[in-house]
Amino acid sequence: MSEALSNPALCLQLVLEKELIKTYFQPIYSLSNRALIAYEALTRGPENSALQRPEDLFSCAEAAGCLSELEILCRKKAIQRFAELGLPGFLFLNISPSTLLDPAHPQGETLRLLSDVGLAIERVVIEITEVQKIEDEPLFQKAITHYRQLGFQIAIDDLGSGNSGLRQWSELLPDIVKIDRYFVDNCHQDSVKRAFLESIVALAQATGTRVVAEGIERLEELLFLQSLGIDMVQGYLLKKPQLLPSHEAISVEILPVQPREKGVNQYHFNSIAALRNTQALNFIDWAGDDQSIGHLAIEGQVLGMACSVEQAKMIFACEPQLQSIVVLNEALYPQGVVYRNSVFELLSSRYGSAVYAQQPLQKIIQAQFEVADGNASMQQISTRLVERLSRNGQQLVVLNAGVYVGVIDCNVWPEGILEQGSTLLAESLSALVD
Ligand code: C2E
Ligand code: CA
Ligand code: CA
C-alpha cells in the first residue's frame with residue numbers, strides 16, 4: 001500500500017481530488033414474483049487503503065469537515081454508473097441527514113446529475129439512516145418534503161437501530177422502511193424479534209409503507225420474513241454488492257419454487273411472461289392477409305386486478321415512455337386501463353401514498369376504453385376512432401378470442417387505409433366482459 005493510501009487524511013484528500021471511489025450495487029428483490037426491483041448503491045474507498053470500508057471513509061470525511069463533498073461525489077458516481085450499466089428498476093441512494101442540512105450542499109445538484117444521464121427522478125429512492133442524530137428536526141422535515149415534492153421516494157434506513165425510528169416514520173411518512181439487519185439475523189429462532197417484525201409489518205400496512213428486510217444471510221430467515229408478509233428483500237443470501245451486478249431474478253437454487261407460484265392465476269407485475277407464453281403475439285395466425293389489425297399490435301404492459309397502485313407506479317417509473325397499463329382479470333380479459341398521470345397524481349399528495357399505494361388497481365381503473373379483435377381488418381376500424389385515440393395518446397386494446405394479446409399505438413396506423421362504411425368500430429370493454 002502506498003504511504004498516502006495508508007494514511008487516512010492523505011487518502012481522503014486523494015479520494016476527493018482524484019475521485020477514487022467505486023460504487024457497488026446490491027440487488028433488492030420482490031418475493032411475490034422473484035423479480036429484481038432495485039439496487040442499493042454502496043460506496044467503497046480505494047482497495048487496500050485505510051479508507052476502503054465505507055464506515056472508515058465517511059467517518060474520516062466527517063471528522064475532516066468534508067462529508068458533503070464526499071457524499072456528492074458518491075451520489076454522482078452512483079447515478080452515472082447506474083445509468084452507464086443500464087441497470088433496471090430503482091436506484092436506492094444513501095444520504096446522511098447532516099448532508100441534507102448542510103447549507104453548503106448545492107441545491108439542484110442531484111437533479112442536474114439525473115437529467116445529464118436521463119434517469120427519471122421517480123426511479124430514485126433516498127435512504128435516510130435512522131442512526132445519525134438529526135440536529136434541526138423542522139429543517140430536516142422541510143428538506144425531505146422538498147425531495148419528495150421533486151418526485152424522489154423516501155426510505156428510512158436501519159429502522160430499529162436508532163431511537164427515533166417510530167417518530168421519524170410517523171412524521172416523514174416514508175414510502176419505504178428498511179428493517180435493520182439486527183432484526184433479521186436469526187429472526188426465525190427468536191420470538192422477540194418476531195414480535196418486533198410483526199409490529200413493523202402491521203404499522204407498514206396501516207400507513208401504506210413498503211418494507212425491505214436487509215441483511216438476509218439464511219434461507220430460514222428469508223422464508224420466515226416471507227411468512228410475515230414481507231415482500232422486498234436484500235442480503236448476501238440473494239446477492240452480495242457487486243461492481244457489475246446481476247440483472248437476474250432470484251434463482252431457483254436460492255429459493256426453490258413454491259407451489260402457489262405455478263400457474264398464471266396470481267400474476268404480479270412483469271409476470272406477463274406467463275401470459276406471453278400462452279398467447280405470444282408473433283405466433284398468432286391472424287385471419288386474412290396483413291391487413292388484420294393484429295399485425296399492428298405490440299405486447300404492451302399489463303397488470304392483474306389485484307396488483308397494487310404502487311406496482312403500477314413502479315412500472316411507470318421504470319418505463320418513462322409508457323403512458324398506460326392494461327388491467328386484466330384472471331381469465332386474461334381486459335378490465336380497464338390505468339394511466340400514468342392519474343397514478344402519479346394520486347400518489348404525489350402528502351397522504352396519497354398512505355391511502356392509495358396498497359389499494360388494488362381495481363379501485364382506480366378507467367373502465368372506458370376501446371378494444372377490437374385482432375382479426376378485424378384495418379378498413380373495419382373507424383378512421384375517426386383511430387384519430388381520436390392517437391390524439392389523446394390512448395391505445396387500442398387488441399383481443400384474440402376475447403383474451404388480451406396486445407395494444408396498438410394508433411400513431412403507427414398506416415396512412416391511406418380507407419374505412420369501408422362503419423361496419424365495426426372498436427367496442428367498449430364492458431360490452432365484452434359482461
Ligand atoms: P447500509 O446502508 O445499512 O448498507 C448495508 C450494508 O450491509 C452494506 O455494507 C452491505 O454490503 C451490507 N450487507 C448487505 N447484505 C448483507 C448481509 O446479508 N450480511 C451482512 N453482514 N451485511 C450485508 P457496506 O457496503 O459496507 O456499507 C456500510 C454502510 O456504509 C452502509 O450501511 C451505509 O450506511 C454506508 N454507506 C455505504 N455507501 C454509502 C454512500 O454512498 N453514502 C452514504 N451516505 N453512506 C454509505
Ligand atoms: Ca442503506
Ligand atoms: Ca441499512
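Position 1 is the first residue of the sequence, and the numbers go up from there. Numbering of ligands and ligand atoms starts at 1, following listing order. Source: prediction; values computed, not measured.
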- So which of the N, O or S atoms of Glu214 lies nearest the Ca ion (ligand 3)? OE2

- Task: Considering just N/O/S atoms, say which atom of Asp157 is closest to the Ca ion (ligand 3).
- Result: OD1

For [X], which of [options] qualifies under side-chain contact (heavy atoms from CB on, under 4.5 Å)?
X: Gln26; options: Tyr39, Tyr236, Phe92; answer: Tyr236
X: Val233; options: Ile216, Leu255, Val184; answer: Ile216
X: Met232; options: Leu31, Val212, Ile179, Val211; answer: Val212

Give the residue, atom name and distance (to 0.1 Å) of the protein heavy atom nearest [atom].
atom: atom 6 (C) of ligand 1; answer: Leu42 CD2, 4.6 Å
atom: atom 11 (O) of ligand 1; answer: Pro241 CG, 3.3 Å
atom: atom 3 (O) of ligand 1; answer: Asp158 OD1, 3.3 Å
atom: atom 28 (C) of ligand 1; answer: Glu55 OE2, 3.4 Å
atom: atom 46 (C) of ligand 1; answer: Phe58 CE1, 3.4 Å
atom: atom 44 (N) of ligand 1; answer: Glu71 OE2, 2.9 Å
atom: atom 21 (N) of ligand 1; answer: Glu217 OE2, 2.9 Å
atom: atom 12 (C) of ligand 1; answer: Tyr236 OH, 3.9 Å

- Task: Heavy-atom distances under 4.0 Å are what count here, so tell me which part of Glu40 touches ligand 1: side chain, backbone, both or neither.
- Result: side chain

Considering [options] one by one, which has a heavy atom nearer to [atom] than any of the others?
atom: atom 45 (N) of ligand 1; options: Asn94, Thr99, Leu237, Ile128; value: Asn94
atom: atom 35 (C) of ligand 1; options: Gly235, Ala155, Pro54; value: Pro54
atom: atom 15 (N) of ligand 1; options: Gln234, Glu214, Gln26, Glu127; value: Gln26

- Message: With a 6.0 Å cut-off (strictly less than), is the heavy-atom count around CZ of Phe183, excluding the residue itself, greater than 12?
- Response: yes

- Query: Can you tell me if NZ on Lys22 sees more than 12 non-hydrogen neighbours from other groups inside 6.0 Å?
  - Reply: no

- Within-shell test, Arg181 vs ligand 1, heavy atom, strictly < 4.0 Å: yes

- Item | Proximity flag Arg44 to ligand 1, non-hydrogen atoms under 4.0 Å | yes

- Does Lys193 count as lying over the ring of Phe196, i.e. NZ or CZ under 6.0 Å from the six-ring centre, within 45 degrees of the axis? no

- Item | Cationic tip of Arg81 above Phe25 ring, under 6.0 Å, 45° of axis | no

- Query: Would one find an N, O or S atom of Asp158, in either backbone or side chain, under 3.0 Å from the Ca ion (ligand 2)?
  - Reply: no

- Query: Are Val371 and Val398 close enough, and set up right, to give a side-chain contact (heavy atoms from CB on, under 4.5 Å), and what steps lead you there?
  - Reply: CA-CA 6 Å; Val371 292; Val398 180; over 6 Å; no

- Please state the angle at the Ca ion (ligand 2) spanned by OD1 of Asn94 and OE1 of Glu127: what is it, rounded to 10 degrees? 80°

- Please could you name the atoms of ligand 1 that Gly215 approaches to less than 4.0 Å, counting only its heavy atoms? 15 (N), 16 (C), 17 (C), 18 (O)

- Atom indices of ligand 1, in the order listed, that fall short of 4.0 Å to a heavy atom of Cys74: 41 (O)

- Just wondering, do Arg75 and Thr99 contact through their side chains at under 4.5 Å, heavy atoms? yes

- Are Gln234 and Lys178 close enough that a side-chain donor and a side-chain acceptor fall under 3.5 Å? yes

